Novice: 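Okay, handing you the structure first.
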Amino acid sequence: MAKGRSARTLDARARPIVNQKAPEIQAFGRLARLPNALSQTAALQSVENLNQVLADTMTLRDMYKKHHWQVAGPTFYSLHLLFDKHYEEQNELVDLLAERVQSLGGVSLAMAPDVAETTLIPRPPKGREEVPVQISRLLHAHEIILKEARAMARLASESGDDGTNDLLISDLIRTGEKQVWFLAEHLVDAPTVRAD
Ligand SMILES: [Fe+2]
């Protein structure tokens, strides 16, 4: 035992200090300027836009999981797998978007209630829906995101934020367009056994 320290003092040193509280170190919506050679105006614009598309992407991601769990019918197996694959890809995009916000000096949206009050994607019911309705909802959500992301990518390019422009185009838009293709083909009324 260390000299001059009672056993009780040593016990106290090893005890976790829980239930700690302190004011936030950065308020949501405020920018911590970083030496990244971007203007404050450009960084702030990108942070605001990225948080919007982040909220919508988190909502789309979670809708994929809802449909992965709740899907029904003869295409259950393939859609169960496809919805989860798209969920994983959207989850990666969520992390890219949130970390882009932080790397620009912003504060990323994170928690479900904040996402719910920010997203532009209509809230689906809690219950189960038919496959064509599930897919229609996903396609609508994708289109909202693709439309805003293209506009945001142009704004980022105009303001000199090429990193955000690249993330939106190379990652978000390209992934979204491919997922739209995979979904939309399920709504083509093509014969499965006998040709028309
Ligand atoms: Fe699963």
Side-chain angles (χ1 to χ4, degrees), residues 18 28 46-104 106-153 163-164 166-194:
V18 298
F28 182 79
S46 289
V47 163
E48 284 174 5
N49 285 338
L50 286 164
N51 265 330
Q52 179 61 56
V53 78
L54 172 63
D56 295 328
T57 303
M58 289 167 99
T59 305
L60 174 61
R61 174 199 64 182
D62 294 347
M63 200 192 292
Y64 268 117
K65 203 56 139 176
K66 167 178 167 66
H67 293 348
H68 163 74
W69 293 326
Q70 298 179 358
V71 64
T75 55
F76 171 88
Y77 186 62
S78 64
L79 283 178
H80 181 68
L81 298 182
L82 180 71
F83 290 158
D84 216 26
K85 179 176 185 288
H86 286 193
Y87 167 88
E88 295 293 345
E89 290 168 1
Q90 290 296 324
N91 198 37
E92 284 180 25
L93 292 174
V94 163
D95 199 45
L96 286 175
L97 291 166
E99 291 185 358
R100 182 73 197 162
V101 168
Q102 296 296 139
S103 70
L104 288 170
V107 179
S108 58
L109 271 181
M111 300 305 290
D114 302 318
V115 171
E117 70 180 27
T118 306
T119 186
L120 301 170
I121 295 169
R123 180 179 177 175
K126 285 183 184 167
R128 298 173 81 187
E129 294 184 294
E130 295 173 2
V131 162
V133 179
Q134 289 183 315
I135 295 179
S136 297
R137 282 190 189 283
L138 291 166
L139 286 171
H140 184 223
H142 271 293
E143 196 156 33
I144 289 170
I145 291 172
L146 285 170
K147 190 174 181 186
E148 71 186 353
R150 289 201 191 96
M152 290 169 184
T164 295
D166 178 53
L167 186 154
L168 289 171
I169 293 171
S170 305
D171 296 298
L172 190 104
I173 292 174
R174 286 190 198 283
T175 301
E177 287 172 339
K178 186 161 184 188
Q179 292 187 353
V180 163
W181 172 41
F182 271 67
L183 289 178
E185 289 300 329
H186 287 83
L187 295 186
V188 175
D189 196 7
T192 51
V193 175
R194 189 186 298 271

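In each ligand, atom 1 is the first atom listed, and ligand 1 is the first ligand listed. The structure presented is a predicted model; accordingly, all values stated were derived computationally and were not measured.
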Novice: Taking the Fe ion (ligand 1) as the center, what protein N, O or S atoms are found at less than 2.8 Å?
Specialist: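 Correct list: His68 NE2.
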Novice: Does Glu130, at its CD atom, have more than 12 non-hydrogen atoms belonging to other residues, nucleotides or ligands within less than 6.0 Å?
Specialist: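 Count not over threshold, so no.
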Novice: Under the ring pair (Phe, Tyr, Trp, His ring centres under 6.0 Å) test against His142, which residue among Tyr64, Trp181, Phe182 passes?
Specialist: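 That would be Tyr64; it is the only one of Tyr64, Trp181, Phe182 passing the ring pair (Phe, Tyr, Trp, His ring centres under 6.0 Å) with His142.
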Novice: Looking at Glu177, I want to see if its CD is surrounded by more than 12 non-hydrogen atoms of other residues, nucleotides or ligands under 6.0 Å.
Specialist: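 Counting neighbours around CD of Glu177, more than 12 heavy atoms of other residues, nucleotides or ligands fall under 6.0 Å, so yes.
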Novice: Check this for me: does any side-chain nitrogen of one of Glu89 and Lys85 sit under 4.0 Å from a carboxylate oxygen of the other?
Specialist: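 Yes, this pair counts.
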Novice: Under the salt bridge (Lys or Arg N to Asp or Glu O under 4.0 Å) rule, what pairs show up with a residue in residues 65-84, not counting sequence neighbours?
Specialist: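 Pairs touching residues 65-84 that pass the test: Lys65-Asp84.
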Novice: Check whether any side-chain heavy atom of Leu104 sits under 4.5 Å from a side-chain heavy atom of Leu50, and report yes or no.
Specialist: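 Leu104 vs Leu50: side chains touch.
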